[in-house]
Amino acid sequence: MVPVGACLGLSAVLFAIGLFGFLGRRNIILMLVSVEIMLNAVNVSLAAFSYQLHDMRGQIIALFVIAVAAAEAAVGLGLVIALSRTRPGVNVDDLTQLRW
Amino acid sequence: MPILAAQTAFYYLAAASVASAILAVTRRNPVHSMLWVLALFLHVAGIFVLVGAEFLAAVQVIVYAGAILVFYLFFLMLLDLPAEAAGPRFGAHWPWCVAAGTAFAMLAWYADVPGLVPPPQRVAAGGSSQGNLAAVGTVLFTQFALPFEIASLILLAAIIGAVVVAKRKTDA
């Protein structure tokens with residue numbers, strides 16, 4: 001029997017670590033990976049609720065979260081390619097324009 | 001599985017997940033931190049198995065650890081981004097990060113109030129007779145058929161969008 005409260009606590013801790021990494025990292029790819037850590041934390045809590053409430057819908061929504069994470073990875077890394085082509089080696093803090 | 005073994009496995013997986021997540025966001029070498037993220041995803045897959053979501057665990061290993069993370073690693077090596085500056089990494093942001101972490105820890109603490117949720121019963125959400133995969137498939141293709149199609153549309157749009165965004169401009 002897995003303690004569900006501990007699962008939710010683990011999910012919250014992982015989410016906070018992902019947020020910390022997203023705010024603190026300068027490498028844009030590692031910022032995107034921190035977003036993946038946060039999405040994975042949400043999946044842990046969805047699976048824990050699915051277990052607690054005996055409802056499959058939590059797992060289904062977690063599958064959709066994984067699909068959206070894959071889409072986000074594709075689009076985000078496409079943007080990174082475009083960015084590194086127009087401004088190679090630019091610092092993330094200097095990207096203040098929406099268009100260039 | 002005996003209760004004690006399941007709990008021991010859960011606490012091991014939770015501690016290893018938190019440790020690898022912390023290492024992932026603090027290592028200075030991007031490839032090392034990506035490998036710690038891989039360790040994190042595999043441990044989270046173990047937690048999915050413990051809460052009875054076997055199909056989700058398989059998808060986590062195959063899609064997350066196998067496809068998405070390798071994709072990121074590939075990009076990291078291909079683009080050769082500049083190493084993170086040697087200056088202080090968590091400059092002015094760290095009080096906000098600490099506040100966010102504390103807030104989530106307090107939410108988790110207050111979620112443990114007795115009587116808020118019904119006590120857990122015997123087995124995992126998967127049904128009694130059929131396995132987890134059959135249960136997931138049944139729900140996915142009946143009740144969630146429309147969201148499933150929408151998810152495939154989102155993936156198609158993401159593929160096209162990534163190609164359009166990353167395409168080399170040939171107007172010159």
Side-chain angles (χ1 to χ4, degrees), chain A residues 1-10 12-21 23-30 32-34 36-37 40 43-44 47-48 50-60 62-64 66-71 73-75 77-82 84-85 89, chain B residues 3 6 10 14 17-18 21-22 24-25 30 33-34 37 40-41 44 47-48 50-53 56 59 63-64 68 71-72 75-76 79 81-82 84-85 89-90 93 96-97 100-101 104-105 107-108 111-112 117 120-121 124-125 135-136 139-140 144 147 151 154-155 158-159 161-162 165-166:
Chain A
M1 186 59 67
V2 177
V4 175
C7 256
L8 296 181
L10 170 69
V13 169
L14 286 180
F15 192 92
I17 292 171
L19 189 61
F20 183 75
L23 292 177
R25 279 289 190 178
R26 298 272 166 76
N27 188 327
I28 191 165
I29 292 184
L30 291 175
L32 286 172
V33 168
S34 299
E36 302 284 344
I37 294 177
N40 221 321
N43 279 348
V44 171
S50 166
Y51 172 70
Q52 170 87 13
L53 303 173
H54 300 279
D55 194 335
M56 293 305 294
R57 284 179 290 184
Q59 298 181 26
I60 303 290
L63 285 176
F64 288 145
I66 290 179
V68 171
V75 174
L77 291 175
L79 286 173
V80 171
I81 285 189
S84 70
R85 181 173 296 141
Chain B
I3 291 175
F10 173 76
S17 306
V18 171
I22 287 175
V25 300
S33 110
M34 210 67 93
V37 174
L40 165 70
F41 285 170
V44 169
I47 290 175
F48 286 159
L50 280 183
V51 297
L56 198 55
V59 169
V63 176
Y64 247 126
I68 296 180
F71 192 42
Y72 273 106
F75 265 72
L76 196 63
L79 284 183
L81 288 177
E84 292 191 62
R89 178 122 39 90
F90 301 109
H93 302 304
W96 295 101
C97 306
F104 274 104
L107 276 180
D112 204 20
V117 288
Q121 280 100 32
V136 168
V139 179
L140 190 61
F144 282 86
I154 286 175
L155 285 172
I159 293 169
V165 165

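Chain identifiers are assigned alphabetically (A, B, ...) following the order of the sequence lines, protein sequences preceding nucleic acid strands; residue numbering begins at 1 within each chain.
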Between [X] and [Y], which heavy-atom pair has the shortest distance, and what is it?
X: A:Ile17; Y: B:Ala21; value: CG2-O, 3.6 Å
X: B:Ala24; Y: A:Arg25; value: O-NH2, 3.2 Å
X: A:Ala82; Y: B:Val165; value: CB-O, 3.5 Å
X: B:Ile68; Y: A:Ala73; value: CG2-CB, 4.0 Å
X: A:Ala74; Y: B:Ala162; value: O-CB, 3.5 Å
X: A:Met56; Y: B:Ala135; value: CE-CB, 3.9 Å

By a 4.5 Å heavy-atom criterion (distance strictly below it), what part of [X] contacts chain B: side chain, backbone, both, or neither?
X: A:Val44; answer: both
X: A:Leu77; answer: both
X: A:Leu14; answer: side chain

Considering only heavy atoms from C-beta outward, does the side chain of [X] approach that of [Y] to under 4.5 Å?
X: B:Val51; Y: A:Cys7; result: yes
X: A:Phe64; Y: B:Leu140; result: yes
X: B:Leu40; Y: A:Ile37; result: yes

* Passes side-chain contact (heavy atoms from CB on, under 4.5 Å), A:Leu10 versus B:Ile47? Steps please. -> CA-CA 10 Å; A:Leu10 170 69; B:Ile47 290 175; 3.1 Å; yes
Largest heavy-atom contact set with chain B, pairs under 4.5 Å, which of [options]:
options: A:Leu19, A:Ile60, A:Val13; result: A:Ile60
options: A:Asn40, A:Leu79, A:Val68; result: A:Asn40
options: A:Ala47, A:Gly18, A:Gly9; result: A:Ala47

* **Check against side-chain contact (heavy atoms from CB on, under 4.5 Å), A:Phe20 and B:Ile22** => CA-CA 9 Å; A:Phe20 183 75; B:Ile22 287 175; over 6 Å; no
* Might you work through the side-chain contact (heavy atoms from CB on, under 4.5 Å) test for A:Tyr51 and B:Leu50, ending with a clear yes or no? => CA-CA 9 Å; A:Tyr51 172 70; B:Leu50 280 183; over 6 Å; no
* **side-chain contact (heavy atoms from CB on, under 4.5 Å) between B:Val59 and A:Leu63, intermediate numbers included** => CA-CA 8 Å; B:Val59 169; A:Leu63 285 176; 3.9 Å; yes
[X] portion near chain A, given a 4.5 angstrom heavy-atom threshold:
X: B:Val37; result: side chain
X: B:Val136; result: both
X: B:Phe10; result: side chain
X: B:Ala151; result: side chain

* Please confirm whether the backbone N or O of B:Ala166 pairs with a side-chain atom of A:Arg85, one donor and one acceptor, at under 3.5 Å? =>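 Yes, A:Arg85 side chain to B:Ala166 backbone: donor-acceptor pair under 3.5 Å.
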Which distance, rounded to the nearest 0.5 Å, do you find between the [atom1] of [X] and the [atom2] of [Y]?
X: A:Leu8; Y: B:Leu107; atom1: CG; atom2: CG; result: 10.5 Å
X: B:Phe71; Y: A:Leu32; atom1: CZ; atom2: CG; result: 11.0 Å
X: A:Asn43; Y: B:Phe48; atom1: CG; atom2: CZ; result: 5.0 Å

* Residues which pass ring-ring contact (aromatic ring centres under 6.0 Å, His included) with B:Tyr64, listed by chain and number, not counting sequence neighbours ->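 Partners of B:Tyr64 under the ring-ring contact (aromatic ring centres under 6.0 Å, His included) test: B:Phe41.
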